[in-house]
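To start, the structure itself, in structure tokens.
We number each residue from 1, following the sequence as shown.
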Amino acid sequence: MDLLRSQASRTVLALGLLSGAFILFTGAVGMIAAFHDREVVDRFISLGQLLLLMAPFVTSYYVAGRLDEHGGAPPRILAAGLVVGLLTALPSVVLLLFNSDEFRFLLFLVLRLAPFVAASAIAWQRHQAGAEIQAVLGIWLLVAVLVGIVTFSFALIFEIKGDLRSVLVNIDRDWVDVITFDNRKDLPLGIATFGLASIGAGFAGSVLYLMPAVPRRALIYGLGITTLVGAFGETARLILQENVDSDTLREIFRRDTLRQNAALALFIISTAAGFLWAMYGSKVRENIGNIDSSSRRRLNFIGLVIFVAFMLLLPWLIGRTLSDVAVTIGIFVLMGLGLNIAIGLAGLLDLGYLTNYAVGAYILAVLTSIGPLGLFKGTFTFWMVIPLALLAAMFAGFIFAVPVLRMRGDYLAIATLGFGEIIGKLAISDWLKPLIGGAQGVQAIPKPIFFGAELKNPEQLYYIVLVASLVCLFVSIRLNNSRTGRQWMAIREDEDVATAMGIDTARAKLLAFTLSAATGGVAGAIFAAKVGTVFPNSFTVFISINVLSLIIVGGIASNPGIVVGAIVLIGMPELLREFSEFRFLLYGALLILMMIKRPQGLIPSKIVTHEHQSGVKAKLAAE
């Protein structure tokens, strides 16, 4: 029991301090202050304050689960929530005090005491472990000197710079305003407010975990939906303004922010809906699973009709701005479906996929442009060039695949990354400037024309992307279930075994690279027609990274996962453009979280899920 308590204490301490470090880091990089500019609920809470409270709330909920697994009693779980909230607030409070002229003496006091406290603690541990007195004294002296050097360096920085604002530029008044909940002038009150709010959020996370399953799920639905709608208030308003009158819209939103009454109503409705689903959802799924085959086919057909109708009406329901975002998402879905052939099916880590994207875009630009660089001055139309862009991308994929057929793993990734960089340099070089314009790019690309109508609006271009994505999806599904698809999967699992089974791995890999390049070319052509200009800076290595990331997050070898990954990694940042400077920081954090908690992706394919479960079972059996 003593061991259990020790483990529980260490869990609470480690995760609480980790949550506090997260809050401190997001403040130091300027994320909290930037998020504070967007309100979630009008005159109630901002996105920055929500981030401050979400960290202890989620951490304490997770800690409660860990303690419950080890038989922790409810009072201890509630106490752990309070401790997590306190530890979350502690690092930021300490930094706040150190950065204040009024409490600056605390910093120097800590810097002076730190070497002795750290050395004494470590020396005591060694003494408890049975070390000789000479060794203990030596360890004490060594730790004191090392820690003293660090603390002396910090003290020297403060003496020279004056305060933390000279070192951490984002620890400024805006950060203090968020941390203290707008009580910067009354620092003790602000610290108390922040501490109590953090402790309360931690306690609320523990309470939520201890609630019965049905109300817990209902509250999670209610909080999640209300938070999403509030955080994406501008998006919600754009959707509603296409379907409701202006007076109703003003009752719901104040500019782009959800009003308090509307937020409360949304929370109640979504919580009630979550409660009903938690109560009866399993029965509904069970009843659907028990229906006969003819009724199931009829139900599937009705669902398909509803889905098709929704997809056809979507651009007119969400408006022009969001339709433009939907087109961007569709372009990345196209590239994701193509790259998934190489990575998801064949296991070929291709980091040069932007090559196919750039080839398709430049082929359409040069052949259709009516500007100075247009070869045929508008003789070729969008519909005539799309097949040519597809074939050109496939040819480029074939050419670049030949030299790397014998490479595997990291070497293949580095080689394909090099090809992508080569394409970027060629696009901006003087050698190809007479053909593709160099840094000035190709301009005056006409919009597609369909039966005499110019498709210039995002609502119209959406249907081109939708049809292209559906065709690519059909081909991808057929490839998954084909003999070629099974050969690719065999190569992905073990290329040597696949060769021993009689599979021509060189031919299969060459085919995978070539076919995966096709959709990249189509996506590039649609992109060129959408923006009307093509510049080299549109084709950077980050395009390949984005496409690879959405496959990993959505689920490798999963077609629905690619769509979800594109919405999460492409759509959401497009809707939060004011926070674009943090995009790659959030990308990295999301990828790390996915690799730790859900390595198979948000919507994994059945094959990958089976492989992951088999690997876990084999590991457990070996242990």
In short, Pro536 meets Gly438 closest at the heavy-atom pair CG-O, 3.1 Å
dist Leu461:CG -> Lys456:NZ (nearest 0.5 Å) comes out at 11.5 Å
For Phe380, the ring pair (Phe, Tyr, Trp, His ring centres under 6.0 Å) test, sequence neighbours excluded, returns Phe376
CZ (Phe582) and CE (Met31) are apart, to the nearest 0.5 Å, by 5.5 Å
Taken in chain and number order and not counting sequence neighbours, the residues that satisfy ring pair (Phe, Tyr, Trp, His ring centres under 6.0 Å) with Phe332 are none
*Side chains of Leu569 and Val553: does their closest heavy-atom pair fall under 4.5 Å?*
yes
Closest heavy-atom pair, Ala508 versus Gln487, reported as atoms and distance to 0.1 Å, is CB-OE1, 4.4 Å
Of Leu479, Ile503, Asn480, Leu348, the one forming a side-chain contact (heavy atoms from CB on, under 4.5 Å) with Trp488 is Leu479
task: For residues Phe253 and Asp42, determine if any side-chain heavy atom of one lies less than 4.5 Å from a side-chain heavy atom of the other.
output: no
CD1 of Ile386 to CD1 of Ile363, rounded to nearest 0.5 Å, is 11.5 Å
Worksheet item: So do the side chains of Leu47 and His36 get within less than 4.5 Å of each other, counting heavy atoms only?
Response: no
Those residues at least two apart in sequence (or on a different chain) that pass ring pair (Phe, Tyr, Trp, His ring centres under 6.0 Å) with Phe513 are none
Derivation of the side chain to side chain contact (heavy atoms under 4.5 Å, CB included) call for Leu548 and Leu349 = CA-CA 9 Å; Leu548 177 61; Leu349 186 54; 4.1 Å; yes
When every non-hydrogen atom of Leu258 is compared with those of Val40, the smallest separation belongs to CB-O, 3.6 Å
| field | Minimum side-chain heavy-atom gap Ser429-Leu432 below 4.5 Å | value | yes
Across all chains, not counting sequence neighbours, the ring pair (Phe, Tyr, Trp, His ring centres under 6.0 Å) partners of Tyr462 are none
d(Asn356 CG, Ile423 CD1) to nearest 0.5 Å is 9.0 Å
If we only count heavy atoms from C-beta on, is the Ile567 to Val333 side-chain gap below 4.5 Å?
no
Pairs under 3.5 angstrom only: tabulate donor-acceptor contacts from the side chains of residues 467-476 to other protein residues two or more places apart or in another chain.
residue	atom	partner	partner atom	Å
Ser469	OG	Val465	O	2.8
Ser476	OG	Asn559	OD1	3.1

Residues passing the salt bridge (charged side-chain N to carboxylate O under 4.0 Å, His left out) test with Glu495, sequence neighbours excluded, are Arg408, Lys509
Thr540 side-chain N/O to Asn537 backbone N/O, donor-acceptor pair under 3.5 Å
no
Minimum side-chain heavy-atom gap Asn457-Arg320 below 4.5 Å: yes
Please report the C-alpha distance between Leu322 and Leu314 in whole Å, then the side-chain angles of each, then the deciding distance to 0.1 Å, and finally whether the side chain to side chain contact (heavy atoms under 4.5 Å, CB included) criterion is met.
CA-CA 10 Å; Leu322 296 181; Leu314 181 61; over 6 Å; no
Side chain Glu493, main chain Ala490, donor-acceptor under 3.5 Å: no
Which atom pairs, one a donor and one an acceptor, fall under 3.5 Å between side chains of residues 439-455 and the rest of the protein, sequence neighbours left out?
residue	atom	partner	partner atom	Å
Lys447	NZ	Ala529	O	3.1
Lys447	NZ	Lys530	O	2.4

Tightest non-hydrogen contact, residues Thr226 and Ser270, listed as OG1-OG, 4.0 Å
- prompt: So, do Leu339 and Ser516 sit near enough that their side-chain heavy atoms are less than 4.5 Å apart?
  reply: no
Worksheet item: Is the count of non-hydrogen atoms from other residues, nucleotides or ligands lying under 6.0 Å from Asp410 atom CG greater than 12?
Response: no
Sequence neighbours excluded, the answer for side-chain hydrogen bond (donor to acceptor under 3.5 Å, both in side chains) partners of Asp494 is none
Sequence neighbours excluded, the answer for side-chain hydrogen bond (donor to acceptor under 3.5 Å, both in side chains) partners of Asp247 is Arg250
Worksheet item: Do side-chain atoms of Asp256 reach the backbone of Gly233 as a donor and acceptor pair under 3.5 angstrom?
Response: no
Task: Arg237 side-chain N/O to Leu249 backbone N/O, donor-acceptor pair under 3.5 Å - done: no
| Test side chain to side chain contact (heavy atoms under 4.5 Å, CB included) applied to Leu373 and Val366, step by step | CA-CA 6 Å; Leu373 294 177; Val366 171; 5.9 Å; no
Please check if the side chain of Thr368 supplies one atom and the backbone of Thr381 the other of a donor-acceptor pair under 3.5 Å.
-> no
What one should report as the nearest heavy-atom pair of Ile45 and Gln49 is CA-OE1, 3.5 Å
Residues 393-424 vs ring-ring contact (aromatic ring centres under 6.0 Å, His included), sequence neighbours excluded, gives Phe400-Phe419
Residue pairs passing the ring-ring contact (aromatic ring centres under 6.0 Å, His included) test with at least one member in residues 529-554, sequence neighbours excluded, are Tyr357-Phe539, Tyr362-Phe539, Phe542-Phe584
Problem set entry | Chi angles and distances behind the side chain to side chain contact (heavy atoms under 4.5 Å, CB included) call for Thr257, Val41 | CA-CA 6 Å; Thr257 306; Val41 178; 5.8 Å; no
OG1 of Thr499 to CD1 of Ile491, rounded to nearest 0.5 Å, is 7.0 Å
Smallest heavy-atom separation, Ala365 atom then Val534 atom, equals CB-CG2, 3.9 Å
Near Arg598 CZ, under 6.0 Å, is it more than 12 heavy atoms from other residues, nucleotides or ligands?
-> yes
Exercise for the section: Please check if the side chain of Thr416 supplies one atom and the backbone of Asp350 the other of a donor-acceptor pair under 3.5 Å. Expected result: no
What I'd like to find out is whether the side chain of Ile570 reaches to under 4.5 Å of the side chain of Thr328, using heavy atoms alone.
yes
Residues passing the side-chain hydrogen bond (donor to acceptor under 3.5 Å, both in side chains) test with Tyr353, sequence neighbours excluded, are Thr519
Quick one: does any side-chain atom of Ser323 pair with a main-chain N or O of Pro315 as donor and acceptor, under 3.5 Å?
yes
CZ of Arg38 to CG of Leu50, rounded to nearest 0.5 Å, is 12.5 Å
- Message: I'd like to know if the side chain of Glu421 and the backbone of Gly418 have a donor-acceptor N/O pair within less than 3.5 Å.
- Response: no
Task: No-hydrogen, no-angle side-chain donor-acceptor test under 3.5 Å, Asp245 and Thr248 - done: yes
